[in-house]
Amino acid sequence: MTTVLNSLRNRFLLSLCTVLCLALLALVLIARYQIMPILLEDEEAFASAELDRTERALGSELNHMRRLVEDWAYWDDTYDFVSGVKPEYVDSNLYEDTLLTLDLQLMFFLNDSYEPYWVVGFDEEGEFTSCPGLQPPCDWAAPAVQFLRERIDGGLEEVTHTWLLSLPQLAMGALSPIYQNREESPSAGWLAMVRPLSEPWIEQLRDTTGIDLALDTVIAGSVPSEQLERVSPTHMAASRSVAAVPASRAVRIDALLPRQRYQASLETFRFALYWTGGVLIVTLLLVLWLLERMVLLPLRQFSHYTQRLHQEAIPPPMPTRLVTRRDEIGTLAREFRNLLKHQQQQSEQLLELTLHDPLTGVANRRLFDERFAEVLRRPGQHHRTAAMMIDIDHFKLYNDHYGHQAGDACLIALAQCMEQQLGKHGFLVARTGGEEFSVLLPDTSLEAALTHARELLQAVNELALPHEYSPTSSSVTVSIGVAAYRADLATPGDIMRAADQAMYQAKSGGRNRVEGYCISDRLSTIDR
């Protein structure tokens, strides 16, 4: 038994079976005392939220009425019309299509004495009427006008007001004082608008909210403010009373709501109860298999690869099965490969920086010395190895006259010229001093090296870089010393000292020339 429990897979299976039995028992108890009450409470919250959404939709329509009445009431033409200045306002604005477009039943204007100034709207028969005051045929609007006048007379604040109206029919009303838009002035009266909450309008509200609802008027306090009745396993009826005008009446919202959430939650819970045991068993087997295939196996492969990196001189390629994975292990493998590649690139760049001159881009003394030593170690080839020592004539005068930036540009130009002239033959050009360059010429005799040096000298002269203060020439020139391997010049240091001696010979001979090393050369230091 102890051996069996040492296996992680077996311990996991035993634990899962125990949890399965406890879970089934817990699910039965939770279903009875927790889940069902929560589902019913959630259903009540859903019904309340749907009624809230319906009430917000009504509030949105009231806000639209507010903006509409203010647009008209704060219009200078409306102010002038109520003040008796603009009689053409009626023909220009108060016609049948205006009310149809605005979906209004009634608009009326009160002057500053709160007397009806103009009434326009549709009567009980649906006929359009437009009259000054309440004279026939606009006397049908007298109850609405009287109702709003009473509210104004009761000390209504001079701001925009909106209401749900329950008498004589279900409607929305908006009332706003009339002001001039561009200047401060006393109110010229009031503008009222009434929009009926007709069946087409309610149908549009149903489409907007997606709720099967109805609106009706009731006596305030005659029914509970909010009710919920489960009329069938699939539907419930929710209702809410909303304050309206007059205060003795209220608007009742009735909504028939589906119980899909409750039924779906109940069915889901039952499914979970019936199938949890089987799912847990299948999950156990699947998890064990996936753990082996997706985690443990690739981790072993990755670990083996990292061990090979330490053991092998040349880094082995990352296993394809790791790199092509699209999960986190694949990402880790690719990132590790990219990091390794970046490290190699950084090492190469660092090596490049340590082996090349940062200004001219040609090799530096370190690389030159390493290559020179390698060439002389090659069997049978070191007997045909030559080297050049190149120095720019009067370079200090060039820097003093043209400046160090121009001096740097001159060095770059000459380095490029040397690379173009000698690099094509496989020769290594290096900057080994401030204005000194060295060239390694493998598999080259002294005579061939002198020929290449003369060709380089001619190429430098053809550059014609101006050097106004040079005593030698009006352009930049170089002096070149050449030496080759022989019995008494068997090391890189010997050959380079010989080339340096030959270069001094060229300088002492007038500069802008090439000299080969002779064993009898004995020179002293001269000004470069």
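- Arg252 meets the side chain to side chain donor-acceptor pair (under 3.5 Å) test with Gln227, Ser239, Asp254; sequence neighbours excluded.
- Partners of Arg240 under the side chain to side chain donor-acceptor pair (under 3.5 Å) rule, at least two apart in sequence or in another chain, are Ser48, Asp52, Glu55, Glu226.
- Note on residues 189-241: no pairs pass disulfide (SG to SG under 2.5 Å), not counting sequence neighbours.
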Side-chain atoms of residues 124-138: list all donor-acceptor pairs with protein atoms under 3.5 Å, sequence neighbours left out, distances to 0.1 Å.
residue, atom, partner, partner atom, Å
Thr129, OG1, Gly121, O, 3.3
Thr129, OG1, Trp140, NE1, 3.0
Ser130, OG, Trp118, NE1, 2.8

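- Tyr74 meets the ring pair (Phe, Tyr, Trp, His ring centres under 6.0 Å) test with no other residue; sequence neighbours excluded.
- Residues that satisfy the salt bridge (charged side-chain N to carboxylate O under 4.0 Å, His left out) test with Asp139, not counting sequence neighbours, are absent from this structure.
- With sequence neighbours excluded, the residues that form a side chain to side chain donor-acceptor pair (under 3.5 Å) with Asp400 are Lys396.
- Residues meeting the salt bridge (charged side-chain N to carboxylate O under 4.0 Å, His left out) test with Glu203, sequence neighbours left out: Arg206.
- Tyr79 pairs by the ring pair (Phe, Tyr, Trp, His ring centres under 6.0 Å) definition with nothing, not counting sequence neighbours.
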Give the table of side-chain donor-acceptor pairs shorter than 3.5 Å for residues 59-73, with sequence neighbours excluded, one pair per line with atom names and distance.
residue, atom, partner, partner atom, Å
Asn63, ND2, Gly59, O, 3.4
Arg66, NH1, Thr160, O, 3.2
Glu70, OE2, Thr160, OG1, 2.7

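- Taking Arg53 as the reference, Glu50 meet the side chain to side chain donor-acceptor pair (under 3.5 Å) condition, with sequence neighbours excluded.
- Residues satisfying the salt bridge (charged side-chain N to carboxylate O under 4.0 Å, His left out) criterion with Asp216, sequence neighbours excluded, are absent altogether.
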